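Quick note on labels: first sequence line is chain A, next is B, and so on, each numbered from 1. All values reported here derive from a predicted model rather than from experimental measurement.
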Amino acid sequence: MLMPPAALEALLFAAGEPFQKKQLSKLLDISLEQLDTVIGVLGRSLKDHGLTLIVTDTDVELRTAPEASDIVKKLHEDELARDLGKGSLETLAVIAYQTGGADVECSGTSRGEIDWVRGVNSSASIRTLLLRGIIEGREDEHDKRRVRYSLTTEALAHLGITRTADLPRFDELQDSTRAIVKEKEITDAPTI
Amino acid sequence: MLMPPAALEALLFAAGEPFQKKQLSKLLDISLEQLDTVIGVLGRSLKDHGLTLIVTDTDVELRTAPEASDIVKKLHEDELARDLGKGSLETLAVIAYQTGGADVECSGTSRGEIDWVRGVNSSASIRTLLLRGIIEGREDEHDKRRVRYSLTTEALAHLGITRTADLPRFDELQDSTRAIVKEKEITDAPTI
Amino acid sequence: MNQTPLKLNFNIQTEAYHGPFELVLDLIEARKLLVNDLALASITEDFISHVRAQATFPIEETTNFIQLSATLLLIKSKSLIPDLILSEEENADISDLKRRLEAYEKVREATRELARIFGKSLMLPAGIRAPEPFFAPSRDLSQDTLAEALARVIAARETVEELPEARVKSLVSIEEVMDKLAKRVQGALTLSFKDFAGDKGEKVEIIVSFLALLELMKQGTVAAEQYHQHGDIRISHTASASVPRYG
């Protein structure tokens with residue numbers, strides 16, 4: 001069995017954002033007082049580690065240690081200065097061409113559609129594009145759990161266009177892309 | 001100053017996705033051999049913590065520990081692992097048990113090798129695994145037209161293990177499979 | 001076996017799907033045998049009945065099954081008539097099949113191991129912090145690189161979908177395979193008939209009924225019996241002196 005401090009660490013890590021103490025005590029099935037003890041134990045065990053706990057009256061959060069700020073900053077600079085690369089460009093292209101055009105019925109592209117067209121998992125690419133402000137996600141009107149991605153206005157400006165329909169070979173490439181997406185709807189069935 | 005294992009931990013946490021070893025060695029300004037040592041040290045220091053390192057030939061990723069599975073599942077109930085179909089699982093097994101090890105000249109498994117051992121066309125299964133991010137394809141170093149597939153950190157995370165060598169009965173099931181495939185490469189016999 | 005015809009290549013494998021190797025191993029395991037010539041010879045009829053009962057395999061899978069049937073029939077024939085001379089290619093097919101089956105046995109075990117642990121202990125990645133959006137484009141982001149990227153993706157899909165076509169060429173019917181083999185076996189039998197004198201008379205009988213069996217299967221009569229996958233062998237070489245029941 002996992003000790004409470006380790007369980008707390010796993011929860012905070014997977015959450016990625018501040019976690020309410022109230023909610024944590026429920027999840028871990030301990031009292032708020034016990035939780036404070038557990039937070040103390042975890043905090044001390046993170047000494048000499050690259051992570052640290054930020055604790056307020058109501059919340060707890062796992063963060064990179066302040067001593068690591070230089071190297072983490074270097075990482076982000078590195079990430080932002082880098083070329084997008086093949087995977088992210090393909091992902092962006094699917095979003096750009098699949099979205100928009102004459103019929104505005106289809107606003108944005110879902111992750112499942114991108115994965116399907118590319119034939120590989122695109123989570124990492126979507127993450128990169130989001131972090132760089134090139135795409136943004138919006139809740140699907142029909143399915144609240146699904147997010148649809150589209151290009152940001154900054155990205156359009158960078159490309160020197162006002163709408164994606166101005167992209168080269170737009171009609172042709174959009175038709176092919178949408179035909180592939182249709183295929184998905186037909187075969188969206190049992191796991192293989 | 002932050003020690004390299006702590007710096008590595010901070011970077012992996014901040015990245016939130018698999019990190020290429022090559023890129024890490026550059027950021028930390030250490031050699032790949034040194035990086036492997038640092039990975040080992042960090043891995044051991046995470047014992048009794050809620051986090052763990054997943055290491056493949058090319059990548060490292062920080063993830064919640066397998067023991068924390070039950071508690072973190074409460075967080076993401078909606079996006080829990082869907083089971084894989086039989087064909088995909090079998091294809092995954094072929095790839096999993098042939099990858100890794102120090103003496104592999106070519107890492108990864110080609111589609112031809114998978115078909116050879118399964119006796120059926122595996123493209124559908126490979127596609128499913130790619131879509132779910134459980135395997136990734138890389139160009140064969142010797143034959144650019146051929147793609148070789150290997151496990152991602154996502155695959156290991158679903159299997160609850162930190163490296164391929166921890167697969168159940170790995171030595172027993174891996175060695176024999178590899179010996180057989182090697183033989184095949186020599187004779188390069190026609191299909192069935 | 002629950003096999004439904006499916007429209008698209010990437011949907012071939014339903015849960016109940018049995019590949020040809022799997023079928024062979026299931027049949028061998030049901031008889032508690034190890035993978036060797038003897039075992040392969042003993043499951044040949046069952047395997048073929050099975051293939052014949054499946055009218056709805058996707059075309060490419062049918063090729064795999066028929067090619068495997070052909071190799072099994074060779075092994076069977078050779079076990080009945082040791083004098084039957086096999087070509088180098090045929091011998092290579094047989095040893096290749098045995099190697100693949102050995103490898104596949106391991107894969108099956110590995111698959112069982114993975115099925116046992118897959119998804120049981122999930123290890124989650126670090127949660128994604130809501131990004132503070134600030135725009136950071138790159139040098140490789142332009143209208144043209146985007147169009148190229150998408151064209152590349154579309155082209156890659158097309159080549160993937162064209163691949164299976166090439167394999168269908170080798171398609172032959174199981175009847176052709178049986179016909180050819182029946183002729184070979186009959187030929188070998190005539191040539192070496194004198195070897196089968198005396199105490200070997202029993203063997204002649206076996207071979208003759210094997211040929212009769214090939215003929216029956218060709219006409220579809222045996223297949224009409226619809227074997228249960230793990231069911232009894234109604235026709236084996238020990239019982240083959242009696243004509244299989246049908247009708």
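- With a 4.5 angstrom heavy-atom cutoff, I180(A) touches chain C only via side-chain atoms.
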Taking distance alone, no hydrogens or angles, what donor-acceptor pairs closer than 3.5 Å link side-chain atoms of residues 45-54 of chain A to residues at least two apart or in another chain?
from	atom 1	to	atom 2	distance (Å)
S45(A)	OG	L42(A)	O	2.9
H49(A)	ND1	E9(B)	OE1	2.9
H49(A)	ND1	E9(B)	OE2	3.1

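- With chain C as partner, the option from G85(A), G160(A), S88(A) having the largest number of non-hydrogen pairs under 4.5 angstrom is G85(A).
- Between the CG atom of L150(C) and the CG atom of L89(A) there is a distance of 11.0 Å, given to the nearest 0.5 Å.
- Taken to the nearest 0.5 Å, the CD atom of E90(A) stands 11.5 Å off from the CD atom of E148(C).
- Of all the heavy atoms in A147(C) and Y97(A), the pair that sits closest is CB-OH, 3.3 Å.
- For chain A, the nearby parts of P137(C) are the backbone and the side chain; heavy atoms of each come within less than 4.5 Å.
- Among residues two or more places apart in sequence or in another chain, the salt bridge (charged side-chain N to carboxylate O under 4.0 Å, His left out) test is passed with E139(A) by K144(A).
- Between the CG atom in D144(C) and the CZ atom in R169(A) there is a gap of 10.0 Å [rounded to 0.5 Å].
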### Task
Decide side-chain contact (heavy atoms from CB on, under 4.5 Å) for R157(C) and S176(A); before the verdict, give the C-alpha distance in whole Å, the side-chain angles of both, and the deciding distance to 0.1 Å.
CA-CA 11 Å; R157(C) 279 189 73 95; S176(A) 316; over 6 Å; no
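- The candidate with the highest count of non-hydrogen atom pairs below 4.5 Å against chain A, out of A149(C), P125(C), A136(C), S142(C), is A136(C).
- Minimum heavy-atom separation, Q143(C) to D166(A): OE1-O, 3.9 Å.
- Annotation: the span from R139(C) atom CZ to D83(A) atom CG amounts to 4.5 Å, rounded to 0.5 Å.
- The structure places CG of L141(C) at 6.0 Å from CG of L92(A), a figure rounded to the nearest 0.5 Å.
- Residue I95(A) holds its CD1 atom at 10.0 Å from CG of L146(C), rounded to the nearest 0.5 Å.
- With a 4.5 Å cut-off on non-hydrogen atoms, A179(A) does not touch chain C at all.
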